[in-house]
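What follows is a set of notes on a single structure, which appears directly below.
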Number of protein chains: 2
Amino acid sequence: MTQGEAPPRTPRSRPTMREVAALAGVAIKTVSRVFNGVPTVDPAIVARVREAADKLGYRPNLTASSLRRGDGRTATIGMLVEDAANPFSAALTRTVENVARERGSLVLVGSLDEDPARERELAQALIDRRVDGLVIVPAGRDHSYLISEQRSGTCMVFVDREPSLLDADAVVSDNRQGAVTAVDHLLKAGHRRIAYLGDRATISTAAQRFDGYRHALEVAHIAYDDELVHHTGASEEAAIDATRRVLSLPDPPTALFTSQNLVTIGAVRALRALGLQHSVAHVGFDDFPLADILSPGISVIAQNIEQVGKTAAEMLFRRLDGDESAATTITVPTRLIERGSGEIRAGGHHD
Amino acid sequence: MTQGEAPPRTPRSRPTMREVAALAGVAIKTVSRVFNGVPTVDPAIVARVREAADKLGYRPNLTASSLRRGDGRTATIGMLVEDAANPFSAALTRTVENVARERGSLVLVGSLDEDPARERELAQALIDRRVDGLVIVPAGRDHSYLISEQRSGTCMVFVDREPSLLDADAVVSDNRQGAVTAVDHLLKAGHRRIAYLGDRATISTAAQRFDGYRHALEVAHIAYDDELVHHTGASEEAAIDATRRVLSLPDPPTALFTSQNLVTIGAVRALRALGLQHSVAHVGFDDFPLADILSPGISVIAQNIEQVGKTAAEMLFRRLDGDESAATTITVPTRLIERGSGEIRAGGHHD
DNA sequence: CGACGCTGAGACAACGTTGACTGGCCGAGA
DNA sequence: TCTCGGCCAGTCAACGTTGTCTCAGCGTCG
């Protein structure tokens, strides 16, 4: 600590166009022109302005720019997901980010944790920051609070779950058909008692998957048995518990259909703890990392997250580009990935 | 399509304070006071303003506000990670988001994909949007380009990797010690030939982990063998390849230390493909989902991602609150999780 | 030689909001 | 009765930028 210590401390505020203009000896408007790439500026002046800007460490203020600018665009979009940390949300965020980047936009993310109040709060927070558009994986079941925002010109696309009480675009996976495919697959392996373990039935995707389950059974003329059904909520512990419960019934299921990620993993854990992983068939909805490396590998209905995210983002930008056509819902197909657990036959063992 | 079709179409722009003021019959400044919770406004007027605002669907414009406001804060922070989709980045993002939310801030995320050019671009893009601060998991090895930003008052905290050519706060895991712990653990199980498979050595965390590996061997008086070392880069395929390579040596290793997530998973796949998962010991750096459910479970050196993220975010906000103390690096300890694979003894089998 | 168009730069106002200040009203104390 | 101070709402300018307009200078053509 020498006493001559007085480093170029704290201008504490960023240089502005005014300062750049002063240093370059031009009008502030000319600096603006240079940074907006207006071609009618003398190259010599451009160089002088650039030099002055570099010397001062000037960076344009996009918030001021977007305020003044005609379109008021902020080159920022908002993304609300269930939980930024979970693989589904993370993958979705990334694909949206990729599309946004191509368009020069950044992404503000928020996690909702399935809380409708938080959905509202965060949607408002994003709108208060004047994002150009919103990509929402909704938590609530009433989106009428967004009607006025929509009317005010904020574009929005729903993902994974459709909007309620609001007319807006959506991109969803074919949940019902995916569930039908899963159950059909188990039926084909000879199973007649197939348990359903899934997220709370109030969540629309869970409801659709459950609907698919019931439909597939119905088509196969198998009576619906309430005992084989548990809407556990999205938690491993609850799923483990529910799995143990159904398997200890007097007439236990020979196959499981788990309709959500964490539920699937819980069921996997429970089956292994009971030593039944090679004798009880199992198909899960949603792929998860390392599902292929387990033994048996876990057969799943995989969503095409990349396509869902990409489609949604592109839809949003099309709206931002002025597309005024009627709101639509795009359904993206799922696909069955056979890895072993879903191919265990009824009555027999199979690896 | 009836012809009377002319819905309340496209005001196309959001209502402003001016319009609210006009409708409520007050001055614009009074509306401002109401929305800022200034207590010296007549309750009757507050009610009138709120009502007018609701009727118009008014939402304050935070970008305009932050422009005018003294501190210029945008209540937004920027977060640059390696890839928003990978579990490490996702978990980190979430913990930062949690701290930010407590402070009323939102988080802008960007993925760098280990590309230094992208790091610069995105950092600039965030600064152009006048984020209050930056949390960076850097991709590049020269952060001098941030010096002027720092001097202009933008706070920044580095995470996972320390800044180079820049004096800034950082929060990192104890990579070297973690690696030492991993190798010591394998040594204790009797191993003398321990392979190292890791990310490119130019990545500082990988270098630190490799350093720990060498150090632990040296302390144990085991000669370093170049044949047992592969800096593969972060890819499963490359790791599978490298694993096969070391295991087909004339004098193959009896244990593996893999110093990165994807490398660990690649090694797991390779060991299983070779049927060696129960005879070759294996400790990986970084925990990963379902590591416990494999057989054997994969022993890992786990980073405390939550603590790293939380510490970094808190550090950032402390700076934003005016902390001017010297930049520091906080090191967060790692911990060994024994799950089976790391406890396989040399020469023997073990589950 | 003067009107004309073109090029390149500056002046001014405005985007939506808030900080600093002003001004009207009312009750209390001189 | 008059002033003073507190209370509350309003006026004005400014944050950093850009759209619109203006204007000086210059070359061109009738």
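In what follows, chains are A, B, ... by sequence order, proteins preceding strands, each numbered from 1.
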(message) For C:dC15 and B:N61 - does any side-chain N or O of the residue sit under 4.0 Å from the phosphate oxygens OP1/OP2?
(response) no

(message) With a cut-off of less than 4.0 Å, is there a side-chain N or O of B:T30 near OP1 or OP2 of D:dA9?
(response) no

Nearest to the side chain of [X], which nucleotide is it out of [options]?
| X | options | answer |
| --- | --- | --- |
| B:T40 | D:dC8, C:dG19, D:dT17 | D:dC8 |
| A:R68 | D:dA9, D:dG16, C:dT17 | D:dG16 |
| B:S65 | C:dA9, C:dT17, D:dT17 | C:dT17 |
| B:L67 | D:dT17, C:dG16, D:dT20 | C:dG16 |
| B:I45 | C:dT18, D:dA9, D:dG16 | D:dA9 |
| B:S32 | C:dG10, C:dT17, C:dT18 | C:dT18 |
| A:R18 | C:dT18, D:dC15, C:dT17 | D:dC15 |

(request) In plain terms, say whether A:D113 and B:R94 are close enough for a salt bridge, that is, a side-chain N and a carboxylate O under 4.0 Å apart. (result)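 Salt bridge: yes.
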
(message) Assess whether a salt bridge exists between A:E314 and A:R318, defined as any Lys/Arg side-chain N lying under 4.0 Å from an Asp/Glu carboxylate O.
(response)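 No salt bridge links A:E314 with A:R318.
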
For the pair made of [atom1] in [X] and [atom2] in [N], what is the distance, rounded to whole Å?
| X | N | atom1 | atom2 | value |
| --- | --- | --- | --- | --- |
| B:M17 | C:dT17 | CE | C1' | 6 Å |
| A:R129 | C:dG16 | CZ | C1' | 16 Å |
| A:I127 | C:dG16 | CD1 | P | 17 Å |
| A:D128 | C:dG16 | CG | P | 15 Å |
| A:D71 | D:dT17 | CG | P | 17 Å |
| B:R130 | D:dC15 | CZ | C1' | 12 Å |
| A:R14 | D:dT17 | CZ | C1' | 16 Å |
| A:F35 | D:dG16 | CZ | C1' | 13 Å |

By the 4.0 Å heavy-atom rule, please label [X] as base, sugar-phosphate, or nothing.
| X | value |
| --- | --- |
| B:R33 | base |
| B:Y58 | sugar-phosphate |
| A:A27 | sugar-phosphate |

(message) For a quick check under 3.5 Å, do A:T95 and A:N98 share a side-chain donor-acceptor pair by atom type?
(response)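 Distance-only check fails for A:T95 and A:N98.
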
(request) Verify the distance criterion only: is there a donor paired with an acceptor across the side chains of A:R129 and B:T63 at less than 3.5 Å? (result) no

(message) Both B:I28 and B:R69 contact DNA chain D. Which one's nearest nucleotide lies toward the 5' end?
(response) B:I28

(request) With DNA chain D as reference, determine whether B:V26 or A:L62 sits nearer its 5' end, using the nearest nucleotide of each. (result)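 Comparing both residues, the 5'-ward one is B:V26.
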
(request) Return yes if the base of C:dG19 and the side-chain atoms of B:K29 contain a donor-acceptor N/O pair under 3.5 Å, otherwise no. (result) yes

(request) Could you grab the distance from atom CG of B:D169 to atom CZ of B:F158, nearest 0.5 Å is fine? (result)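 Answer rounded to 0.5 Å: 10.0 Å.
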
(request) Check whether any side-chain heavy atom of B:M156 lies under 4.5 Å from a side-chain heavy atom of B:E149, and answer yes or no. (result) yes

